[in-house]
Amino acid sequence: MAEKVNVCIVGSGNWGSAIAKIVGANASALPEFEERVTMFVYEEMIDGKKLTEIINETHENVKYLKGHKLPPNVVAVPDLVEAAKNADILIFVVPHQFIPNFCKQLLGKIKPNAIAISLIKGFDKAEGGGIDLISHIITRHLKIPCAVLMGANLANEVAEGNFCETTIGCTDKKYGKVLRDLFQANHFRVVVVEDADAVEVCGALKNIVACGAGFVDGLKLGDNTKAAVIRLGLMEMIRFVDVFYPGSKLSTFFESCGVADLITTCYGGRNRRVSEAFVTSGKTIEELEKEMLNGQKLQGPPTAEEVNYMLKNKGLEDKFPLFTAIHKICTNQLKPKDLIDCIRNHPEHM
Amino acid sequence: MADRLNVCIIGSGNWATTIARNVGNNVANSPLMEPKVNMYVYEEMIEGRKLTEIINTTHINVKYMPDFVLPMNIVAYDDVVTTARDADILIFAIPPTFVNSCCKTLLGKVKPLAHAVSLIKGFERGDDGQILLISHLIMRQLKIPCSVLVGCNLAHEVSNNNFAEGTIGCRDQKYMRILQDLFKSNTFRVVVTDDADCVEICSTLRNIIAFGAGLADGMELNENTKAGVIRRGFLETLQFVDVFYPGSRLATFFESCGLSDLVTSCYANRNRKLAEAFVKTGQPLNELESLLVPGHEPLGPVTAELVHIMLKKKGLEEKFPLFTAVFRICTGVYPLTRLVETLRYAREDIYHPNHIFPL
């Protein structure tokens, strides 16, 4: 790439804005990047003013990341194609349900040798059932390679400048360096691995395990039991990746996207919190989502459902007793207190 | 093995008493095992009665586990030689500082083909200042093989029948099954591996990591940073074992002795509390230790010290930035802020386990 690399951020939510701080600063500091970074912002009216205008004048995303200044070289653009058409690197950070539609709009309008990177946690339901990874959807639609960035990163903490680690999964080695340069910051350490699928799957599966950890907390079973659930959860994650995304490396699970993200999610995340309340309050997951998350959806239960679909298809439910039990508890086929009975004879103990 | 195997338990604290129930129940139901289990109890007078007498009549260890009934086949003795002389399996569950003297008493008095199992958390300081694993100490002193049982198993949670896991690092193939059957219960699952050193050192090094996590908590850094400390600690553990106990298997780190033990320690453990108090109160560590940790368990600071000695001998301090930083923070050489600095600049290619997990 002789010319400067153009970067576009597709998305302007909490995480998108937090990452824009880092990406914007890097683009203006490093010679290999074009300074101007476009950010696609879904246009909204805030107190009678357009959000893009507010961002471009005050450099603050008042709606999603209040109190933080974005670098002035990050330019909000209300039109998706306009924002993306010159980009060499497209950073996707929008809710996953928008992806197919966005890709359709972008198809044929972007540079043919652009690359994408997905910061989207979650996945889509494959046709018929099962997990469809976001990076795969992007690649399929746009016919360009797509890397992923996952890790133990809460948007607000990253924006605050608190120290975090993260993992980029990038199948094609030659893009590793440019992606790292784009995201690395003094408080944001990036490790690049080639195992993109494993990185992304970890980010989805950890939410199932966090539900299990939440059930244990709700049942007040103590730290040993919780640690056992986390451990067995990790073993099932590793086994799942081995069965469905073969060729992955064990070392990937040692990266931030693996162990670190799993632990944080099982102690701090909202899947854990809602699952705990699920046990103690006796309410349904939907009721709790309304009460505790303003109606936002938890990722653990639907992930458990799709994973269960995949396991069932291969007749592997009993090899993944924890994932299976969590799915059954979320769908009321099992009582939370039966969780432990399900993992008592875990294949790991044989 | 025509004869039934005889089991004895040396120790009568929380953990010894808790595991005695599993052992007592398991031998009673096994055709391979002698049903009577001797238990060595350090004799004390409790309200005018001997503790051994109380245990043998009421089957309750009133001193350490007053709400917990032992199986009838556990018989308390106040003499360690009497307890152990007929045993084929000796289970050690005493404070680490007593192991040396206990072994001296037992030397020559135990069956020559006996097998020891250490349930002891901690280690001894070797003559060269390095970590001496308890199982190595027992083997050296008694000249019999010594396996280990560790894992995240807080005594009171196991005794309440909360689900827990443990890992046995077994040094003799033919005892693998026997030991598993001896300790397990419906709520206590035991995985056996032959990687005994790795099992034991894992549960030692986690003290340092938990202490580091506690420092992060004390400084009120966020969860992401703490996760970074835990991850870095895990990587350094892998590397440490690779250097000092070569030949260990990566899979062992995923057992209860590795990952689960580490996670529990970093969220609920005395090391973590000690470190948090160290940051928040600014009091010297030794004062806090005597205040917060009345027992004998060696904690993060001393573990970090011994590990540091080992690293220094090999000139590897810089390759283990987290362990080194924790040690230097404990000794006041580094300010607290170095903890995060360490994560920031640590090499990322610290360890590359490239083989795929065997499934």
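Remember, predicted model here, so these are calculated numbers, not experimental data. The chains referred to below are lettered A, B, ... by the order of the sequence lines, with proteins before strands, and numbering in each begins at 1.
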Answer yes or no: is there a donor N or O on one side and an acceptor on the other, between the side chain of A:Asp217 and the main chain of A:Glu276, under 3.5 Å?
->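 No; judged by distance alone, with no hydrogens or angles, the pair does not exist.
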
Do A:Lys220 and A:Thr280 touch side chain to side chain, with heavy atoms closer than 4.5 Å?
->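 The answer is yes; the side chains approach within 4.5 Å.
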
Identify which part of [X] has an atom lying under 4.5 Å from any heavy atom of chain A, answering side chain, backbone, both or neither.
X: B:Val263; value: both
X: B:Asn160; value: neither
X: B:Leu343; value: both
X: B:Tyr345; value: both

May I ask you to check whether [X] and [Y] show a side-chain donor-acceptor distance below 3.5 Å?
X: A:Asp261; Y: A:Thr264; value: no
X: A:Glu236; Y: A:His346; value: yes
X: A:Thr225; Y: B:Asn162; value: no

Pick from A:Ile343, A:Ile230, A:Val259 with the largest number of heavy-atom pairs that fall under 4.5 Å of chain B |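 That would be A:Ile343.
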
What option among A:Leu232, A:Val229, A:Val158, A:Leu219 has the most heavy-atom pairs under 4.5 Å with chain B?
->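 Counting heavy-atom pairs under 4.5 Å, the top option is A:Leu232.
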
Taking atom NZ of A:Lys335 as the centre, report whether more than 12 heavy atoms of other residues, nucleotides or ligands fall under 6.0 Å from it.
->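 12 or below, so no.
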
Show your working on ring pair (Phe, Tyr, Trp, His ring centres under 6.0 Å) between B:Phe254 and A:Phe254 and close with a plain yes or no.
-> CA-CA 11 Å; B:Phe254 287 98; A:Phe254 291 122; 5.4 Å; yes

Hey, can you tell me if A:Phe240 and A:Tyr245 have their rings parallel, tilted or perpendicular (30° and 60° cut-offs)?
->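 A:Phe240 and A:Tyr245: tilted rings.
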
For this output row, return yes or no: ring centroids of B:Tyr267 and A:Tyr267 closer than 6.0 angstrom.
->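 When the ring centroids of B:Tyr267 and A:Tyr267 are compared, they turn out to be within the sub-6.0 Å range.
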
Between B:Phe188 and B:Phe183, is the gap from one ring center to the other below 6.0 Å?
->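 For B:Phe188 and B:Phe183, the ring centres are not under 6.0 Å apart.
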
Between A:Phe163 and chain B, which part of the residue has a heavy atom less than 4.5 Å away: side chain, backbone, both or neither?
->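 For A:Phe163, the contact with chain B is made by backbone and side chain together.
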
With only heavy atoms counted, which part of A:Asn186 is less than 4.5 Å from chain B, the side chain, the backbone, both or neither?
->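 Both parts, backbone and side chain.
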
Using a cut-off of under 4.5 Å on heavy-atom pairs, state which of B:Lys184, B:Glu223, B:Arg344 scores highest against chain A.
->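 The answer is B:Arg344.
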
Heavy-atom pair count under 4.5 Å with chain A, highest-scoring of B:Asn222, B:Leu221, B:Ile230, B:Val229 =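 Highest number of pairs under 4.5 Å: B:Asn222.
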
Please say whether the positively charged group of B:Arg231, taken as NZ for Lys or CZ for Arg, lies over the ring of B:Phe234, i.e. under 6.0 angstrom from the six-membered ring centre and within 45 degrees of the axis.
->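 Relative to the ring axis of B:Phe234, which defines the angle, B:Arg231 lies outside at least one limit.
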
Proximity of residues 198-207 of chain A to chain B, residues having a non-hydrogen atom under 4.5 angstrom =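 Under the 4.5 Å heavy-atom cut-off, nothing qualifies.
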
